[in-house]
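Some notes on the structure that comes next.
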Amino acid sequence: MLIKICPDMFDPWQEVQSYQQNTLTALTGKIGATSVFVGTMRDFNEGDQVKGMTLEHYPGMTERQLAKIVAQAQSQWQILDALIVHRVGAILPDEAIVLVAVWSSHRGEAFDASRNIMEALKSKAPFWKKELLDSDQERWVSKNTDGYTTC
Amino acid sequence: MLIKICPDMFDPWQEVQSYQQNTLTALTGKIGATSVFVGTMRDFNEGDQVKGMTLEHYPGMTERQLAKIVAQAQSQWQILDALIVHRVGAILPDEAIVLVAVWSSHRGEAFDASRNIMEALKSKAPFWKKELLDSDQERWVSKNTDGYTTC
Amino acid sequence: MIMSIKVRYFASLKDRVGCAEQAIHSSGLSTVRSIWHAANPDKKLPDNILAAVNMDYVDLDSPVNDGDEVAFFPPVTGG
Amino acid sequence: MIMSIKVRYFASLKDRVGCAEQAIHSSGLSTVRSIWHAANPDKKLPDNILAAVNMDYVDLDSPVNDGDEVAFFPPVTGG
């Protein structure tokens, strides 16, 4: 299990590939399913054009809460391994904000666990987004929405 | 939207990265969420060690059914794009069998649609697996399980 | 009227029937089920069999037309 | 007894309070809520505020101990 807080731009697909190839070698032949979620910065939010963002976090508490979230998911589903990467600092549209990857023997568990980790991260991991609008006005994002309701 | 039937080994993370970078350029700034599922060949199944597998398919019908599955998901969720890659032919443990990637503005839709596409693929896309056991005995996999029940 | 139908088999059913593809030319063919019996007079239609006409899933009692491609196969196991 | 508490603020709450970190040395501190009032005598405790003691989430009425790090912040918006 690896949790990374990343002040620089990262390529989520390369992170998954490299973690799987270099770290999960003991799981060769055991992995049947990998579920990956990537959150990316959009250039619009709540009707406004957004040209940049700053991600603040609470160092220490962030890692602690993410580790608890993964441990909770591990107690609920049969997970072989998990990787979380989250960006902090200044970020531009189209850059990756968050990566959650879960490896399992079975697909149901991989899907359930990755979504659960993502929702828990959204509601509990101490990160805060401040948007820079096209008008140069800055504003804090006030709250996250629930990702289980899609209507 | 792209559907690929692949007779050779493929790297799922590179497929996603390259499709996103080269094909989804018009979506720059619009993508908020990407949900990716990768199915990998395990070296065990139903209590036996498996050393290889052959994936048969129905050329033409496979592509047709996968396109219908994606169209059905597009009618149900707001999807920006989707990529499906499925391996056919001889395959070894730890190699990727299937990749389903869905791009959306919102995470709930990306998660719902990718899982739905994956389950529909498992129940409707005309692929068949023949396993080669460690004992050199060959056997057809008789049916897929439901990926929504994880207990 | 004589109809010409291409019949295809996949996976374990291909092994069981002993061939991947047959051409049937016969009169009195009306449904997918009747194609099976014309093509395999000595074999019961297996349980849990799936059928497609021109690459779309159909019921066993669906009609067939001259020139159709009819496929029979076991439950799919991809992904 | 005089307790020493490190108080931290994040995001919009940091802007509102005007600082990221304060050290409080005072007696009569018993709960997270009392820390807020000691640190911000002129400010009401905002609605929807979240609090953590030593990097674990707590209720506003949770006890604090000498040497604790108490953090206040708005709803989180990561991911």
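Chain A is the first sequence line, chain B the second, and so forth, proteins listed ahead of strands; every chain is numbered from 1.
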Heavy-atom pairs under 4.5 Å with chain A: which of [options] has the most?
options: B/Val16, B/Thr145, B/Thr34; value: B/Thr34
options: B/Ile97, B/Thr28, B/Val100, B/Leu27; value: B/Thr28
options: B/Met41, B/Glu95, B/Lys122; value: B/Lys122
options: B/Pro93, B/Ala110, B/Pro12, B/Ser105; value: B/Ser105
options: B/Ser114, B/Ala96, B/Gly29; value: B/Gly29

Of the listed A/Val50, A/Val102, A/Asp94, the one with the largest count of heavy-atom pairs under 4.5 Å with chain B is A/Asp94

Residue among A/Val98, A/Val38, A/Leu92 with most heavy-atom pairs under 4.5 Å to chain B: A/Val38

Distance in Å, B/Thr40 OG1 paired with A/Ile31 CD1, rounded so as to fall on 0.5 Å steps: 6.5 Å

State the CZ-CZ distance between A/Phe111 and B/Phe111, to the nearest 0.5 angstrom. 9.0 Å

Neighbour count above 12 (heavy atom, 6.0 Å) for [X] [atom1]:
X: A/Lys124; atom1: NZ; answer: no
X: A/Met1; atom1: CE; answer: yes
X: B/Gln78; atom1: CD; answer: no

Please classify the contact of A/Ser104 with chain B as side chain, backbone, both or neither, using a heavy-atom distance under 4.5 Å. neither

For the residue pair A/Gln20 and B/Trp13, what are the closest heavy atoms and their distance? OE1-NE1, 3.5 Å

Main-chain N/O of A/Gly39 paired to B/Arg107 side chain as donor or acceptor, under 3.5 Å: no

